[in-house]
Amino acid sequence: MSAVSDRLPAFPWDKLTPYKATAAAHPDGLVDLSVGTPVDPVPELIQKALVAAADSPGYPTVWGTPELRDAITGWVERRLGARGVTHRHVLPIVGSKELVAWLPTQLGLGPGDRVAFPRLAYPTYEVGARLARAAYEAYDDPTALDPEGLKLLWLNSPSNPTGKVLSPEELTRTVAWAREHGVLLVSDECYLELGWEADPVSVLHPDVNGGSYDGIVAVHSLSKRSNLAGYRAAFLAGDPAVLGPLLEIRKHGGMMTSAPTQAAVVAALGDDEHVRVQRERYAARRALLREALLGHGFRIEHSEASLYLWATRGESCWDTVAHLADRGILVAPGDFYGPAGAEFVRVALTATDERVAAAVRRL
């Protein structure tokens with residue numbers, strides 16, 4: 001076991017423990033804007049679908065029910081503008097994090113292979129490469145990478161942590177480059193429905209991929225758009241030549257979404273109204289926190305989408321974390337996402353209206 005755990009970095013969130021204790025000691029209580037876990041209720045129609053499927057004594061299938069696959073293909077076409085999506089083009093997963101962490105291993109990558117991800121990025125991209133014992137590197141421009149030995153290229157738009165959105169032109173250029181060099185491109189699009197000052201586009205859109213899904217896969221999650229982080233509900237869409245073997249591997253590995261969750265996802269993907277309501281909640285919180293941070297002397301970069309504000313005071317991120325902890329506000333240090341984040345903090349919009357108002361007063 002130690003041989004596997006020794007490949008991994010220290011779990012970053014443990015470093016926040018003393019700062020959380022400081023923030024929690026504030027007379028008006030903790031305002032936790034660090035992890036970004038949803039706090040609003042699961043929409044009632046989703047809860048009802050879950051309860052209605054609660055009597056599920058048999059094993060669920062890894063590929064999901066036909067109704068689930070119909071819901072995914074329908075949503076991908078309706079919301080992302082994809083065309084010609086069939087059941088072979090989709091695959092349910094048990095939340096997006098397990099996929100990110102285990103995809104290099106499931107693709108058969110190992111020593112001598114390379115995985116690339118953005119300079120500022122979700123740490124689990126690196127963890128996945130480490131678990132597979134593949135090499136990894138961070139990029140500023142993916143098309144400037146050496147394609148030799150590069151087997152997996154991660155895109156992330158909108159970005160976690162920065163909220164940056166890649167333009168259709170950037171996506172098109174990168175898809176073409178990856179195909180030219182035979183590199184599998186996987187686009188993490190989990191925040192796509194949370195664009196504020198930009199309209200994020202999927203790699204599944206025909207204007208980006210030329211009407212072909214060859215060599216591309218998109219990752220989508222219901223954790224943020226539908227408050228389903230506790231359900232572990234996500235899916236892949238894209239190249240059947242990639243998803244078919246992944247389905248077989250995941251069958252052997254028992255990586256199946258529970259039957260009640262599958263029913264809940266069908267309900268969630270079939271309803272756009274609850275997503276609109278949740279977007280409005282986040283938009284209001286974002287406006288208040290953004291104004292308060294700017295008034296407190298912060299500069300905010302990117303942040304045109306996603307659930308975070310990427311903010312700096314031009315000092316060590318840990319000094320900023322301490323400064324805010326003294327005011328009872330907990331945020332994530334930017335160096336969790338790579339050395340390039342050393343002077344930034346990530347401020348999540350995932351707190352109740354009352355707690356956001358408290359943070360604004362303190363700032």
Side-chain angles (χ1 to χ4, degrees), residues 38 41-103 106 186-193 202-205 213 216-276 278:
V42 173
E44 186 176 356
L45 85 160
I46 301 176
Q47 293 190 47
K48 286 182 176 179
L50 184 85
V51 171
D55 185 14
S56 297
Y59 289 112
T61 63
V62 173
W63 203 16
T65 62
E67 293 78 13
L68 175 59
R69 282 176 264 141
D70 282 344
I72 295 172
T73 57
W75 182 87
V76 165
E77 293 198 342
R78 183 180 79 251
R79 180 61 186 87
L80 305 183
R83 295 292 177 266
V85 181
T86 71
H87 286 195
R88 294 175 56 248
H89 292 90
V90 300
L91 178 62
I93 53 178
V94 192
S96 57
K97 185 170 184 175
E98 66 89 354
L99 183 281
V100 173
W102 292 107
L103 182 60
Q106 292 175 12
V186 181
S187 181
D188 181 346
E189 302 176 350
C190 289
Y191 296 91
L192 186 136
E193 293 201 279
S202 172
V203 296
L204 301 178
H205 195 286
Y213 302 114
I216 58 173
V217 174
V219 185
H220 283 271
S221 168
L222 284 83
S223 293
K224 307 301 194 293
R225 57 150 352 241
S226 299
N227 298 331
L228 294 189
Y231 284 44
R232 309 317 300 137
F235 60 88
L236 304 178
D239 189 348
V242 177
L243 300 189
L246 282 180
L247 172 59
E248 295 306 312
I249 292 165
R250 294 171 67 84
K251 284 179 180 177
H252 283 289
M255 294 179 174
M256 58 189 80
T257 305
S258 75
T261 296
Q262 292 187 29
V265 171
V266 172
L269 291 179
D271 178 72
D272 294 332
E273 177 61 17
H274 78 276
V275 180
R276 184 193 65 77
Q278 190 60 44

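Bear in mind the structure is a predicted one, so any value in this text is a computation, not a measurement. Residues take their numbers from the sequence shown, with the count starting at 1.
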Pairing residues for Arg78 by the salt bridge (Lys or Arg N to Asp or Glu O under 4.0 Å) criterion, not counting sequence neighbours: Asp272

Could you tell me whether the side chain of [X] and the main chain of [Y] form a donor-acceptor pair under 3.5 Å?
X: His252; Y: Ile249; answer: no
X: Gln106; Y: Arg250; answer: no
X: Ser226; Y: Leu228; answer: no
X: Ser187; Y: Glu189; answer: no
X: Trp63; Y: Val90; answer: yes
X: Gln262; Y: Pro60; answer: no
X: Arg232; Y: Thr257; answer: no

Residue pair Ala263 / Ala49: nearest heavy atoms and the distance that separates them: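 Closest pair (atom of Ala263, atom of Ala49, distance): O-CB, 3.8 Å.
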
Closest heavy-atom pair and its distance - Ala268, Ile46: CB-CD1, 3.5 Å

Ser202 versus His205, side-chain donor and acceptor atoms under 3.5 Å: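 No - no donor-acceptor pair under 3.5 Å links their side chains.
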
Test item: side-chain donor near acceptor, His87 and Thr73, under 3.5 Å: no

Full working for side chain to side chain contact (heavy atoms under 4.5 Å, CB included) between Leu269 and Leu222: CA-CA 9 Å; Leu269 291 179; Leu222 284 83; 4.1 Å; yes

Side chain to side chain donor-acceptor pair (under 3.5 Å) against Glu77, all qualifying residues, sequence neighbours excluded: none

Is there a side-chain contact between [X] and [Y] (heavy atoms, below 4.5 Å)?
X: Pro57; Y: Asp55; result: yes
X: Phe235; Y: Val265; result: no
X: Val85; Y: Tyr213; result: yes
X: Val42; Y: Leu50; result: no

Separation of Arg69 CZ from Leu91 CG (nearest 0.5 Å):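 That separation rounds to 10.0 Å.
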
Audit row: Arg79, Leu192, side chain to side chain contact (heavy atoms under 4.5 Å, CB included) steps and yes/no: CA-CA 10 Å; Arg79 180 61 186 87; Leu192 186 136; 3.9 Å; yes

Chi angles and distances behind the side chain to side chain contact (heavy atoms under 4.5 Å, CB included) call for Leu80, His220: CA-CA 11 Å; Leu80 305 183; His220 283 271; 3.5 Å; yes

